[in-house]
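What follows is a set of notes on a single structure, which appears directly below.
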Amino acid sequence: KRNLDNSAYKINNIALTEAHSSLIHDLKEAERAALIDPLTRLWNRAGGQNLLDREWDYAIRRGTPLSVAMVDIDHFKQINDSFGHCIGDQVLQKVSETLLGSLRTFDVVSRWGDEEFLIILPGCEKRDLYQALERLMSAVQNLKMKTDIGALETTVSIGAATIFPKSDTDVATFIKLVDMAMYEAKEQGRNQFKVASKPDYYELAI
């Protein structure tokens, strides 16, 4: 189980990728604190981007695959509008814990937007990505969240892709691809995941 202190992950270094470990050790405590989302205790967008850039560089050097997923809580605005932001915050915290508990210890989860999470899965090939996404979907679907107004249920929409990064590929464009897959999942009814198909300008894993 992974725990967070007031500034950064308290994780056994054996469970960290080299990129994740280097980020934690390269930054001073105050700098690490600035990369943590205060509500969920996950890495915030800046922290997630920092780790993504590092994992991208490591994957290029080693010729290993990198999978990334974007997770959006379905109908989250409706939760806030119906029950208030306090309940919405509790939902965010519960979903965050569920995502973390459903992944490998060295995978990374960051809060990318209001109800969006970016997941980085180093060394994860496409066939393994499908299994990971199915596990995430199932974990959230089966979650009975205890809130101040009683038990709530929710679902998520996920977009994802796998790539073998090259020196001439661009991480920002790749994230746009993942984001587009997430919106496709939302447009097709939500509560599902979409893995991006292979575009001409990337060598995505088959």
Side-chain angles (χ1 to χ4, degrees), residues 2 15-23 42-43 45 47-74 95-96 98-113 115-143 155-206:
R2 288 181 283 192
L16 297 180
T17 62
E18 188 174 351
H20 205 165
S21 181
S22 67
L23 173 62
L42 299 174
W43 296 107
R45 183 164 184 154
Q49 184 67 61
N50 193 315
L51 278 164
L52 178 60
D53 292 340
R54 289 170 184 251
E55 293 291 1
W56 187 272
D57 289 341
Y58 278 114
I60 290 175
R61 278 185 253 164
R62 294 171 179 170
T64 53
L66 180 66
S67 291
V68 175
M70 191 77 73
V71 180
D72 184 85
I73 300 176
D74 292 330
V95 171
S96 300
T98 301
L99 294 178
L100 277 174
S102 304
L103 295 166
R104 302 172 299 180
T105 55
F106 52 84
D107 293 330
V108 175
V109 183
S110 67
R111 187 179 178 190
W112 199 250
E115 70 271 24
E116 289 183 356
F117 302 89
L118 183 78
I119 298 176
I120 307 169
L121 303 100
C124 180
E125 298 187 17
K126 194 168 187 178
R127 63 177 179 271
D128 299 318
L129 175 61
Y130 279 94
Q131 296 177 1
L133 297 180
E134 289 170 355
R135 190 166 58 248
L136 287 175
M137 295 288 300
S138 177
V140 175
Q141 284 178 330
N142 294 326
L143 179 62
T155 59
V156 292
S157 299
I158 306 176
T162 301
I163 188 173
F164 284 86
K166 306 294 182 182
S167 58
D168 60 347
T169 56
D170 176 63
V171 65
T173 304
F174 180 67
I175 289 300
K176 290 180 182 178
L177 177 72
V178 173
D179 198 51
M180 289 170 59
M182 183 196 71
Y183 276 100
E184 183 180 352
K186 290 165 66 73
E187 290 170 358
Q188 293 186 8
R190 306 177 193 266
N191 190 24
Q192 59 185 292
F193 66 82
K194 295 292 180 182
V195 176
S197 57
K198 180 180 177 181
D200 293 336
Y201 49 87
Y202 276 124
E203 294 183 10
L204 291 178
I206 301 301

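As the structure is a computational prediction, the values presented were derived from the model and not from experiment.
- Side-chain contact between P165 and E55 is absent, with no heavy-atom pair separated by less than 4.5 Å.
- Atom CZ of F174 and atom CG of L52 lie 8.5 Å apart (nearest 0.5 Å).
- The two residues R135 and S102 have their closest heavy-atom pair at NE-O, 2.8 Å.
- Considering every non-hydrogen atom in both V178 and G159, the closest pair reads CG1-O, 3.3 Å.
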| task | Could you check N191 against M137 for side chain to side chain contact (heavy atoms under 4.5 Å, CB included), going step by step and ending with a plain yes or no? | result | CA-CA 8 Å; N191 190 24; M137 295 288 300; 3.5 Å; yes
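- Taking CG of L177 as the reference point, atom CD1 of I163 lies at 8.0 Å (rounded to 0.5 Å).
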| field | I175/L118 under side chain to side chain contact (heavy atoms under 4.5 Å, CB included): CA gap, chis, key distance, verdict | value | CA-CA 9 Å; I175 289 300; L118 183 78; 4.1 Å; yes
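- Counting only residues at least two apart or in different chains, side chain to side chain donor-acceptor pair (under 3.5 Å) contacts with residues 175-184 comprise E184-Q188.
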| Chi angles and distances behind the side chain to side chain contact (heavy atoms under 4.5 Å, CB included) call for L42, L100 | CA-CA 9 Å; L42 299 174; L100 277 174; 3.6 Å; yes
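- Considering every non-hydrogen atom in both L121 and A69, the closest pair reads CD1-N, 4.5 Å.
- Counting heavy atoms from C-beta on, the side chains of I119 and L136 come closer than 4.5 Å.
- A pairwise comparison of heavy atoms in S22 and Y58 identifies OG-OH, 4.1 Å as the closest pair.
- The two atoms that bring D72 and M182 nearest to each other are CB-SD, 3.5 Å, heavy atoms only.
- Side chains of Y130 and V195 form a contact here, defined as non-hydrogen atoms less than 4.5 Å apart.
- Rounding to the nearest 0.5 Å places NZ of K194 at 14.0 Å from NZ of K186.
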| query | Can you check side chain to side chain contact (heavy atoms under 4.5 Å, CB included) on I73 and F117, steps first, answer last? | reply | CA-CA 9 Å; I73 300 176; F117 302 89; 3.9 Å; yes
